[in-house]
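Note that the structure is predicted; figures quoted are calculated from it, not measured. Numbers restart at 1 for each chain; the letters A, B, ... are given by sequence-line order, proteins then strands.
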Amino acid sequence: MKFGGRDAPSILGWSVEKVSVRWEKTLAEPDVDSFSKKISGMLVEDVQRRAKFIRIILCSAELVIHLRMSGDIRVESDALPLQPHDRLVVWFTNGFRLAFNDTRKFGRVWFLKEAANFFEGLGPEPLGGLTKNDFHTLLQRHHRQIKPLLMDQRVVAGLGNIYTDEALFLAGIHPLKKSSAISKKQAGKLLQEIQAVLRKGIETNGASIDWIYRGGQFQNELHVYNRTGLACHNCGAEIVKIKVGQRGTHFCPKCQPEG
DNA sequence: CCTGAAACCTGTCTGC
DNA sequence: TGCAGACAGGTTTCAG
C-alpha cells in the first residue's frame, strides 16, 4: 500500500486502540468524545477511494479522510516521534499508528456510521465506466467555463488543478471555453486525456512540486502546469498563466485556441 | 444559472 | 537583512 508516495504496511485487519485529535477542527464529525469512544476496538476491513476521499472501512462505521491542499498520511511504528503538523492520530493495538499530517489545516476527517448519503452529491468517476456519450451530455447540461466545470466535484469527481490544466492541454481546449460549445468529438478526446492524465498520476505517485509533497514523479510529466513562460512541448510557444475561478491556470495559447 | 471574491490556514518565495 | 505581499495539488459560502 502506498501512502504519501511511500510504501507502508497494509492496515487491513488492524484493531483500533485509541485516537488522538491534536487540532479539533480536523475532525469534522462527530465530536471528539463520541469519536474516541465509538472507534476504539473497531477492525479495519477495507481501504477504498471515492473522488478525493479516502475511505477506511471499519466493521460498523467508516473513517473518511480528505487531504485538501497540504494533507498527508503516514503509517508507522508508534515508537517514532510525532511530526510538527500531525493533526489526528489513530493508534492500533499492534504498535503501529496512522498519522494525518496537515500543515495548512484545511484537511478534514469524518467518522460516519452510515456513509451512503455522504457521497451522494458527487459526479461520476472518470476512471469508472463514464462513457464519452454521457460525458458529452454532462458538458452540454451546463454553460460554464470548462476548467471550473471539470473541477466541480458534483459534475465529475476527482479532478484538481494540475490534472485539469494538463488534460485540457492534451485535448487542445482553452480553459475558458464554454462547456456547452464543446463538440461530441472534442468531449471524447477530453475524456480520453482526463483518463490518461489520472492514470499517469496514479502510476507516478502524484506530483511533488513544493515542500509539502514528497515521493511523486508526476511533476516530470507536466506540459503546462508550473511551466509559465517556458516553451510548449508541442509547438514551442510560451506557456501562459491566467486566473480562472481564483485558480492559477496554465495553457498554450497556440495549442489551445480561444473560441 | 454563472462568475468572482472571501474565508479557512501555514509556509515559502519575490521584490523593494 | 528585513519585511510586506503574493502565492500554493481544495472546498464552501455569499454577493452581484
Side-chain angles (χ1 to χ4, degrees), chain A residues 2-5 21-29 49-54 64-73 83-88 100-110 118-123 126 138-169 174-182 194 197-229 240-251:
Chain A
K2 294 274 189 181
F3 275 105
V21 180
R22 314 176 87 232
W23 175 258
E24 291 228 8
K25 286 171 118 177
T26 296
L27 182 64
E29 188 185 330
R49 175 192 66 80
R50 171 72 172 107
K52 298 179 187 174
F53 298 94
I54 297 164
V64 179
I65 301 172
H66 197 307
L67 304 176
R68 294 276 175 94
M69 297 285 264
S70 58
D72 188 25
I73 286 175
Q83 302 295 314
H85 306 294
D86 286 343
R87 307 300 183 193
L88 188 147
F100 174 59
N101 186 280
D102 184 24
T103 306
R104 291 177 69 183
K105 299 176 174 172
F106 287 162
R108 291 293 180 265
V109 175
W110 296 258
F118 187 83
F119 301 104
E120 239 170 23
L122 292 169
L138 224 47
L139 301 188
Q140 292 299 309
R141 215 177 275 148
H142 305 271
H143 305 274
R144 295 170 56 186
Q145 301 163 339
I146 184 64
K147 162 146 180 180
L149 184 78
L150 291 177
M151 291 182 64
D152 188 333
Q153 303 297 301
R154 297 168 303 185
V155 178
V156 189
L159 286 171
N161 206 31
I162 296 181
Y163 297 93
T164 304
D165 279 3
E166 292 300 307
L168 285 173
F169 167 76
H174 193 284
L176 291 176
K177 190 178 178 82
K178 292 288 177 195
S179 58
S180 49
I182 289 174
I194 285 171
V197 156
L198 288 178
R199 287 204 186 94
K200 181 64 83 176
I202 292 167
E203 185 188 315
T204 56
N205 296 318
S208 307
I209 289 173
D210 62 23
W211 87 106
I212 294 174
Y213 299 85
R214 289 136 282 150
Q217 293 297 126
F218 188 67
Q219 68 273 19
N220 302 325
E221 314 284 332
L222 299 177
H223 292 105
V224 286
Y225 189 87
N226 224 23
R227 295 197 67 249
T228 313
V240 169
K241 180 177 181 181
I242 60 173
K243 214 84 164 172
V244 179
Q246 298 192 103
R247 309 304 302 277
T249 298
H250 316 71
F251 68 100

Give me the distance, rounded to whole Å, that separates [N] from [M] when you measure between the [atom1] atoms they each carry.
N: dT1(C); M: dT10(B); atom1: C1'; answer: 23 Å
N: dG5(C); M: dA7(B); atom1: P; answer: 16 Å
N: dG2(C); M: dC9(B); atom1: C1'; answer: 24 Å
N: dT3(B); M: dG9(C); atom1: C1'; answer: 23 Å

- B/S/- contact track for nucleotides 9-15 of chain B, protein heavy atom under 4.0 Å: BBSS---
[atom1] of [X] versus [atom2] of [N]: gap in Å, rounded?
X: Glu24(A); N: dC8(B); atom1: CD; atom2: P; value: 18 Å
X: Leu67(A); N: dT11(C); atom1: CG; atom2: P; value: 11 Å
X: His66(A); N: dT11(C); atom1: NE2; atom2: C1'; value: 7 Å
X: Met69(A); N: dC7(C); atom1: CE; atom2: P; value: 13 Å
X: His143(A); N: dC1(B); atom1: NE2; atom2: C1'; value: 9 Å
X: Gln246(A); N: dA7(B); atom1: CD; atom2: P; value: 11 Å
X: Lys241(A); N: dC7(C); atom1: NZ; atom2: P; value: 7 Å
X: Leu149(A); N: dG4(B); atom1: CG; atom2: P; value: 14 Å

- Picking from dC2(B), dG10(C), dT3(B), the nucleotide nearest the side-chain atoms of Arg68(A) would be dG10(C)
- Can you figure out which of dG10(C), dA8(C), dC2(B) approaches the side chain of Lys243(A) most closely? dA8(C)
Establish, with yes or no, whether the OP1 or OP2 oxygen of [N] is under 4.0 angstrom from a side-chain nitrogen or oxygen of [X].
X: Gln153(A); N: dT11(C); answer: yes
X: Lys147(A); N: dT3(B); answer: no
X: Arg247(A); N: dG9(C); answer: yes
X: Lys178(A); N: dC2(B); answer: no

N/O donor-acceptor pair under 3.5 Å between [X] side chain and [Y] backbone:
X: Glu166(A); Y: Val224(A); result: yes
X: Ser179(A); Y: Leu139(A); result: yes
X: Arg49(A); Y: Ile54(A); result: no
X: Arg68(A); Y: Ser70(A); result: no

- Task: Determine whether the side chains of Thr249(A) and Lys243(A) contain a donor N or O and an acceptor N or O closer than 3.5 Å.
- Result: no
- Message: Ignoring hydrogens and geometry beyond distance, is a side-chain donor-acceptor pair present between Asp165(A) and His250(A) at under 3.5 Å?
- Response: yes
- Is any side-chain heavy atom of Tyr163(A) less than 4.5 Å from a side-chain heavy atom of Leu150(A)? no
- Message: For a 4.5 angstrom cut-off between non-hydrogen side-chain atoms, does Thr204(A) reach Lys200(A)?
- Response: yes
- Do His143(A) and Ser180(A) pass the side-chain hydrogen bond (donor to acceptor under 3.5 Å, both in side chains) test, and can you show the C-alpha distance, the side-chain angles, and the key distance before you say yes or no? CA-CA 5 Å; His143(A) 305 274; Ser180(A) 49; 2.9 Å; yes
- Message: Does dG9(C) count as syn, meaning its glycosidic angle lies within 90° of 0, or as anti?
- Response: syn
- Under 4.0 Å between any heavy atoms, over every strand shown, what does Tyr225(A) touch: base, sugar-phosphate, or nothing? Just pick one. sugar-phosphate
- Query: How would DNA chain B look in dot-bracket form, 5' to 3', counting Watson-Crick and G-U wobble pairs with both distances under 3.5 Å and writing | for bases paired to another strand?
  - Reply: .|||||||.|||||||
- Query: Under the side-chain hydrogen bond (donor to acceptor under 3.5 Å, both in side chains) criterion, do Asn101(A) and Asp72(A) qualify, and how do the steps go?
  - Reply: CA-CA 5 Å; Asn101(A) 186 280; Asp72(A) 188 25; over 6 Å; no
- Message: Between Phe169(A) and Phe251(A), does the ring-ring contact (aromatic ring centres under 6.0 Å, His included) criterion hold? Intermediate values first, please.
- Response: CA-CA 6 Å; Phe169(A) 167 76; Phe251(A) 68 100; over 10 Å; no
- Does a distance-only test, which skips hydrogens and angles, find a donor-acceptor pair under 3.5 Å between the side chain of Asn161(A) and the base of dG10(C)? no
